[in-house]
Colleague: 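Sharing a structure with you now.
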Amino acid sequence: MRKKFQYLIVTALLVLGFSTSAFAGLYIGVQGGTGFASDATGSDADGNANFTYDAGYDGSIILGYDLGEEHPGIGKGRLELEFNTASNDLDGAEFLEGEVGADGSAERTSIMVNTIGEYTTQSGMIIYALLGLGWAEINLDNVSVLGTPFVNDSNNQLAYQAGLGFGWNLSEHFVFDVGYRYYATTDPEFTKQDGTNLDYEYKSHRVLAGFRLHF
Amino acid sequence: MLHRTILLSCLLLVLSGCWTDDPTRPNTFIPLTSIEVIATYQSMADNTVNQYTAIGDFSGSFTRDITAEVSWAVENNAIADVSNAAGSEGLVSALAPGTTSITATYEDITGSGTVVVTDVILAGIEISPQDAELQVGITQQYEATGTFSDGSSQDITILTAWDSSDINVATIDNAGLATSLASGSTTITGAWQGIESSASLLVTDVTLTAVTITPETATIAQETTVQFEAEGTFSDDTTLDITDIVDWQSSDDGIGIVDTNGLAEGRAPGQVDISASFDVDGNTISATAVLTVSDAFLESISVTPENSTIQVSESQQFVATGTFSDNSEQDITRSVTWLSTPNTVGAFHTFSPGLFISEGPGTTLIEAVFNGIDGETLLTVVE
């Protein structure tokens, strides 16, 4: 039953994509890829330690509006609402004496408002740049150092991102998109397992690919 | 235009978040397994002081000076007392001749040592420097060394009562730091336990005419350091190292900072002016050097001397040389973290980077760690 439903969705998307015409209007999209969380500095009363991550998953669901070519004063572009989530496992923690192993993960759930400026080449490829602003919940999930619980807490912060990407019209309504986003938040503050505070930071390099369906 | 603005914003955002600072936090997750207590002097004369140091061994992974973190106690307080006050932790004061034990405790781990207070008596005091010559407005640190009846000697600078015979020429504080005020001569006297010693201090009326900084230009990588030195030229054409008394400034602390002793550290790529200035009768005399902070990153560290051998109680000065991505090399002895494993062979001096002081026979792995890169060598200590 589930497989039939999936076939139905794909068929509907393809039919829409290859049979209708492009114009300004709403679109939806999905993106998925890899998030490379940057090394993060965590500061507590004992000083600063750096935390390193493994690459992890990163995905988005998008609802947007394409300006099309109906607003020449603004130029070609899009405005979109992006719901995204990502997770990166901790790899290690670097202290004054060197690096040791760390476990747990940094997880992100956020909603972003993105503005995208587009340029279409003669060959039809879309080149775009993106700026986004929003809100993020950063969760340090069961982070431990050498097996000792360190922090298990979440914090909400202002988030921002900037990126570049390329798109190809598979049809007038169906666009394949690959892109890069640099994503960061204002510095979150967590409560450690011992009840004291940890000032942290969150930054990630997002490499994504996905599809957009323009209505 | 819109596209260019967005593109530039993207690049700036990415560049702003691509690096982290060196860690400053000790690793408190590896359990402390033992504490070694080390004394500056194996025995101390009655009424003198002796600095004890606690070196923690963290499960054999690394050692660290934890003098200020432990709780100090002396078994027999009639013989000696030990300070737990901030800034003087581990400082033992002798109260009466005898032998007792001293302990350094951190949670449930205790290290112990011996306090030996001898009944030797002070035989003499030696003050240094003996015949100093200063220009007006210059400071000079005096030190007093006590020689005792058994031939031993101890630094008694902080126990000594200091005096200047002419406070219009120069003053001296309780720590032995003299400041010249006007031309003339004065006698600096240090006295303790009824014995005193003197040194002459001549303050000349020559005035500072120029300051020069060496090196005039320096290039370092981020987070590494370079030592600038200031030399003063006076009206009689004499010169003097005035590194410690000039006012050091950086024109941009975001690129490079400089401390009160001329030690500069690179913060971010760029170029910055490092100035040394000194006020003479309301006029500021200064000099400027150029510090360039490169964007080169560290690729490897070599530690010298390699595979050296010393005898017990001797010390070995190690030097860490960093090789960077632009093929430059730089002395980063002051920037690295020095580690030795195991710590039964000795420990690194707290305030002299790279100086290893041996305590027992054996072979230890010497590591210099910086930005996650380490250089290693072996040191063998023999009887």
Side-chain angles (χ1 to χ4, degrees), chain A residues 37-52 74-77 92-102 114-119 127-132 144-150 160-165 179-185 194 198 201-205, chain B residues 1-32 55-66 68-69 223 297 301 335-341 343 348 353 365 367-376:
Chain A
S38 298
D39 294 355
T41 297
S43 306
D44 62 11
D46 292 327
N48 302 336
N50 294 332
F51 296 85
T52 57
I74 301 174
K76 287 186 68 177
E94 184 190 12
F95 298 95
L96 197 57
E97 299 86 359
E99 186 167 344
V100 296
N114 299 323
T115 57
I116 301 113
E118 287 187 342
Y119 171 77
I127 303 171
Y128 70 85
L130 172 150
L131 283 176
S144 63
V145 178
L146 294 170
T148 303
F150 184 50
Y160 51 93
Q161 66 175 342
L164 296 169
Y180 163 80
R181 316 266 190 277
Y182 172 73
Y183 183 103
T185 70
D194 63 5
L198 175 73
E201 53 188 19
Y202 183 85
K203 305 162 195 161
S204 182
H205 301 275
Chain B
M1 186 64 187
L2 175 66
H3 296 111
R4 284 182 189 170
T5 304
I6 293 177
L7 187 63
L8 185 62
S9 301
C10 295
L11 290 173
L12 286 174
L13 273 175
V14 172
L15 289 174
S16 69
C18 282
W19 52 78
T20 55
D21 292 331
D22 276 345
T24 59
R25 187 190 197 281
N27 187 335
T28 53
F29 296 91
I30 295 180
L32 177 69
I55 303 294
D57 184 337
F58 292 80
S59 305
S61 297
F62 58 86
T63 59
R64 180 160 55 83
D65 185 338
I66 54 172
E69 299 168 50
E223 300 173 10
F297 54 86
I301 298 174
S335 303
V336 300
T337 299
W338 290 98
L339 304 170
S340 65
T341 311
N343 71 339
F348 279 98
L365 177 67
E367 288 182 279
V369 183
F370 185 70
N371 274 354
I373 295 173
D374 71 334
E376 299 176 350

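In what follows, every chain begins at residue 1, and chains take the letters A, B, ... in the order their sequences are listed.
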Colleague: Going by the side-chain contact (heavy atoms from CB on, under 4.5 Å) test, name the single residue among I30(B), T337(B), T28(B), N27(B) that passes it with F95(A).
Modeller: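 Per the side-chain contact (heavy atoms from CB on, under 4.5 Å) rule, the option paired with F95(A) is N27(B), out of I30(B), T337(B), T28(B), N27(B).
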Colleague: CG of L146(A) to CZ of F29(B): how many Å apart, nearest 0.5 Å?
Modeller: 8.0 Å
Colleague: Please confirm whether the backbone N or O of N48(A) pairs with a side-chain atom of T24(B), one donor and one acceptor, at under 3.5 Å?
Modeller: yes
Colleague: Enter the distance from T41(A):OG1 to R25(B):CZ here, rounded to the nearest 0.5 Å.
Modeller: 13.0 Å
Colleague: So which part of A49(A) gets closer than 4.5 Å to some heavy atom of chain B, the side chain, the backbone, both or neither?
Modeller: both
